[in-house]
Amino acid sequence: MTKNIKYAFILLSICAVCAFALALTNSITAPVIAKAESENRIRALEAVSAGYEIGVQNEISGNAYVNYTIDLLQDGLNKGYIVGLKAAGYGGQMQLVASYETDGSMLYAQLLSHSETPGLGKKAEEPTYMDKFKGTGGSKSVPTSKEQLSDSDAQAISGSSVTFTAIAKAIAAGSEYVKSLGGVQ
């Protein structure tokens, strides 16, 4: 019996040391990770802002795809929106930002985070991937299936249909949300 107590105490000691080491590592890396994520977000917002001034962020709740909107301003006038979007891809939750004109036409989009399959779904990280959606959402519908794409664009998404569909649905939902704002917020 005392032998079991001795082993339990050793095991408890090892677990305590490991827990302390993990807590220490987390306390050191958490601020660095948060800073890197913040810088990535700022770079992404600037990349999709289309040269407009970035306004104030407005949180959105109760929407399956839209997390927030940010006004795009020129000379104090609202020219469009940056919309924070979420989608469920093959590898799980994806976060992206997209900019829209006030009529719902998408200007630019960029992935912020995802867990898609390397070599297939990760193609969505490439800047040219989002070009398929530029100018859509206003009078031209957002392509949500391969059949709506040109042959070269359909080839580019081959093997990552789930990722493409998730991004397309999020971009379409963002466009519809911007249209519902009626040009003002």
Side-chain angles (χ1 to χ4, degrees), residues 1-49 54-71 81-99 106 108-133 142 144-146 154-174 176-177:
M1 185 73 174
T2 59
K3 188 176 181 181
N4 289 341
I5 293 173
K6 178 182 172 185
Y7 289 143
F9 181 72
I10 291 170
L11 203 54
L12 179 66
S13 299
I14 291 170
C15 288
V17 168
C18 290
F20 175 76
L22 285 172
L24 180 64
T25 301
N26 185 52
S27 69
I28 293 169
T29 59
V32 175
I33 292 169
K35 181 180 178 190
E37 287 175 352
S38 175
E39 289 172 356
N40 273 350
R41 183 177 180 277
I42 290 168
R43 278 195 301 275
L45 292 176
E46 289 172 350
V48 300
S49 69
I54 298 172
V56 177
Q57 180 170 317
N58 303 301
E59 298 298 324
I60 307 299
S61 61
N63 189 298
Y65 292 99
V66 179
N67 291 326
Y68 59 86
T69 62
I70 301 172
D71 297 339
Y81 300 92
I82 294 175
V83 180
L85 300 166
K86 58 189 169 199
Y90 183 77
Q93 188 80 336
M94 295 187 295
Q95 300 287 328
L96 59 149
V97 290
S99 58
M106 198 210 69
Y108 299 97
Q110 186 171 343
L111 275 175
L112 292 176
S113 65
H114 65 89
S115 301
E116 298 303 282
T117 309
L120 297 173
K122 283 211 177 250
K123 291 178 186 177
E125 291 178 343
E126 298 170 11
T128 57
Y129 188 91
M130 298 297 180
D131 288 347
K132 301 168 199 32
F133 304 107
V142 176
T144 55
S145 69
K146 283 184 177 183
Q155 293 282 337
I157 65 158
S158 181
S160 64
S161 298
V162 174
T163 304
F164 170 77
T165 303
I167 290 172
K169 285 181 178 180
I171 288 173
E176 290 304 314
Y177 188 82

Report task. Just do the side chain to side chain contact (heavy atoms under 4.5 Å, CB included) check on Asp71 and Asn58 with the steps written out, would you? Result -> CA-CA 9 Å; Asp71 297 339; Asn58 303 301; 4.2 Å; yes
Query - Ile167 vs Ile171, side chain to side chain contact (heavy atoms under 4.5 Å, CB included): CA-CA, chis, key distance, verdict - result: CA-CA 6 Å; Ile167 290 172; Ile171 288 173; 3.7 Å; yes
Requested in this report: Please lay out, stage by stage, how Val97 and Tyr68 fare under the test side chain to side chain contact (heavy atoms under 4.5 Å, CB included).
Outcome: CA-CA 9 Å; Val97 290; Tyr68 59 86; 3.2 Å; yes
Query raised in the report: Please walk me through it: do Ser38 and Ile42 pass side chain to side chain contact (heavy atoms under 4.5 Å, CB included)?
Result: CA-CA 6 Å; Ser38 175; Ile42 290 168; 4.1 Å; yes
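Atom OH in Tyr7 sits 10.0 Å away from atom OG1 in Thr2 (nearest 0.5 Å). To the nearest 0.5 Å, atoms CG (Leu45) and OG (Ser49) are separated by 8.0 Å. Note that OH of Tyr81 is 9.0 Å distant from OH of Tyr177, once rounded to the nearest 0.5 Å. Rounded to the nearest 0.5 angstrom, Asn63 CG and Leu85 CG are separated by 9.0 Å. Taking CG of Leu24 as the start and CZ of Phe20 as the end, the distance is 5.0 Å to the nearest 0.5 Å.
Contact record, Lys86 with Ala170: O-CB, 4.0 Å, taken as the closest heavy-atom pair. Between Gln95 and Asn67, the closest heavy-atom pair is OE1-ND2, 3.1 Å. Residue Ala173 comes nearest to Val66 through the heavy atom pair O-CG2, 4.4 Å, listed as atom of the first residue, atom of the second, then distance. Considering every non-hydrogen atom in both Gln110 and Ala44, the closest pair reads OE1-CA, 3.7 Å.
Within a 6.0 Å radius of NZ in Lys169, no more than 12 heavy atoms belonging to other residues, nucleotides or ligands are found.
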